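Letters go in sequence order (proteins before strands), and every chain restarts at 1. All values derive from a computational prediction rather than experimental measurement.
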There are 2 protein chains.
Amino acid sequence: MRKRSTGKDNVPSAASDAPPNKNSFQRNEILQSAAALFAQKGFGATKLHEVAGAVGLSRTAFYYYFPSKDELLTALVEESTFTLQRRLTDVAQRTDIAPPDMLRTIVADYGGWILNHPTEFRFVSRTENELPPAMAATHNRAKRQLLDSFIGVVRQGIDQGYFKVADARIAALSVIGMCNWSAWWFRPTGALSAAEVSGTLVEYAMRMVQAETRPRSKRERVRMEVESLRESIARLEGLLASES
Amino acid sequence: MRKRSTGKDNVPSAASDAPPNKNSFQRNEILQSAAALFAQKGFGATKLHEVAGAVGLSRTAFYYYFPSKDELLTALVEESTFTLQRRLTDVAQRTDIAPPDMLRTIVADYGGWILNHPTEFRFVSRTENELPPAMAATHNRAKRQLLDSFIGVVRQGIDQGYFKVADARIAALSVIGMCNWSAWWFRPTGALSAAEVSGTLVEYAMRMVQAETRPRSKRERVRMEVESLRESIARLEGLLASES
DNA sequence: GGACAATTTGACGTATCTGTCAAATTTTCG
DNA sequence: CGAAAATTTGACAGATACGTCAAATTGTCC
């Protein structure tokens, strides 16, 4: 019964042997269930016995894997938020791409991540007002960065004559909102895959800013033509279906 | 949490004189503060002393206006949800308007309501998973009706040749999501008014479905799509030829 | 001022939740 | 098998939350 109570053993550094509870199967099960429960009912409203019960454990067994409920929250936030944050800032830093392709890339990446991690996204959205101050600060900073990235792309597109938008901020928020909300309705088991929905979101984002089709590279032209073909075929299928 | 109270006066019947607490100023203050707190932290995570403290009351004074925390929730849900529900179903029932105007109207109405009641909307969205079963059922029914209304308008627009959209459901969800998310970023004190933002949302919704002012016949649309396909293939052939 | 109702409060009881700890049980491995 | 480690459990303590109630305070009207 080595509890290693005093030592902060939850640092992400790769201590190989000492930490008694790390990367355990049950630990990951708890994290996953907790994310779903927190996403559904919120952090404060979710009781520990629910978390434990969801993975078939007694409430006290939980404390073998996490020192406290707050530590569970921090572990969850670190796991979920950091990946999202990194992904966002990475994409937005590039300046070598023209605004239309840039918007396409950023929406596909952001929306794609949400569609592939709807539970995590809902968890973060739901618990962002209950986070401890330090984490709330970094989270808000990341959100602001994300918004600024979108606004920057839209503004560049306007300035360079690609987009026709009156207010870059409203347009960015509308695109972001469209993507965000997909976490509340998308189900991977549905008729459309995450990649297909992501492509649709990209298409709608481009329509929102009325991006002009001034293709740049050959590769990009091919991609656009293929996308256009796909859309045409889908529309034709729809027309054909409504025929009978 | 549901405990049976003794024969108190918590019947919602409109007895004009007997109920000692109804339509009081403090009662409305409590409702308003509670909506904001529930929207921010969720129902289960918000403690009663916070609600009472937000309006300058002691915790026990709260029980003079509401028999229990659950009754506060139900009162809040009834007040917030019913107005939203009625508004939605009213607009969507009309069939005398052409799809483009219909979409304009429905988005302006729905988005406008959200922009004018962001706190209520966030409250409903946040607590919808903590509602008592009966209320959850009606709420889900209303949500489904709303979605069906949007889908119906989009589908009509497609069939009548106004809109160019591959999947009516995804388009409807995207428009709804764009509107919904405004509750999380819009502030009435900002540079743009609710009416202005609402107009922008309408504009973006119309762009999303690529609404055209004049409908085209189905036969004509098929011809156009085929022509579009032919052109795409020709362009792709050209790109392929110049590749080698 | 005084009677009466409206409103607020402090003390109390109960239920629930978090977290601790020693003991019990299971698993691992020599 | 048997010992040590890993894992789980039940009992317990402290804190907090909800709700009740009688008493106290405030406001109103004559």
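B:Leu57 places its CG atom 18 Å from the P atom of D:dT25, with the value rounded to the nearest Å. Taking atom CD on B:Glu50 and atom C1' on D:dC18, their separation rounds to 14 Å, with Å as the unit. One atom, OH of A:Tyr65, and another, P of D:dA6, lie 12 Å apart when rounded to the nearest Å. What separates CG of B:Leu72 from P of D:dC18 is a distance of 11 Å, to the nearest Å. In this structure, B:Asp70 places its CG atom 10 Å from C1' of D:dC18, rounding to the nearest Å. Rounded to an integer number of Å, the gap from B:Glu71 CD to D:dC18 C1' is 14 Å. One atom, CZ of B:Phe66, and another, P of C:dT7, lie 13 Å apart when rounded to the nearest Å.
For the OP1/OP2 pair of C:dA6 and a distance below 4.0 Å, the side-chain nitrogens and oxygens of B:Gln26 include no atom meeting the criterion. Remark: A:Tyr64 is not in phosphate contact with D:dT8, judged by side-chain N or O atoms under 4.0 Å from OP1 or OP2. In this model, the phosphate group of C:dT8 is not approached by any side-chain N or O of B:Tyr63 to a distance below 4.0 Å at OP1 or OP2. At C:dG10, none of the side-chain N or O atoms of B:Thr60 fall inside 4.0 Å of OP1 or OP2 (strictly under the cut-off).
Remark: A:Lys69 is positioned above the aromatic ring of A:Phe43, its terminal NZ or CZ atom under 6.0 angstrom from the ring centre and at most 45 degrees off the axis.
The pair A:Glu79-A:Arg27 does not meet the salt-bridge criterion, since no charged nitrogen lies less than 4.0 angstrom from a carboxylate oxygen.
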Protein-nucleotides 13-17 of chain D N/O pairs closer than 3.5 Å?
unit_1	atom_1	unit_2	atom_2	d
D:dA17	OP1	B:His49	NE2	3.4

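Residues B:Arg169 and A:Trp185 approach most closely at NH2-O, 4.3 Å, considering heavy atoms. Minimum heavy-atom separation, A:Ala45 to A:Glu50: O-OE1, 3.9 Å. In plain terms, the two heavy atoms of A:Ala108 and A:Ser198 that are nearest each other are O-OG, 3.5 Å.
Classified by interplanar angle (parallel below 30°, tilted 30° to 60°, perpendicular above 60°), the ring pair B:Phe150/B:Tyr110 is perpendicular. Note on ring orientation: taking the six-membered ring where Trp is involved, the planes of A:Trp181 and B:Trp184 are tilted (angle from 30° to 60°).
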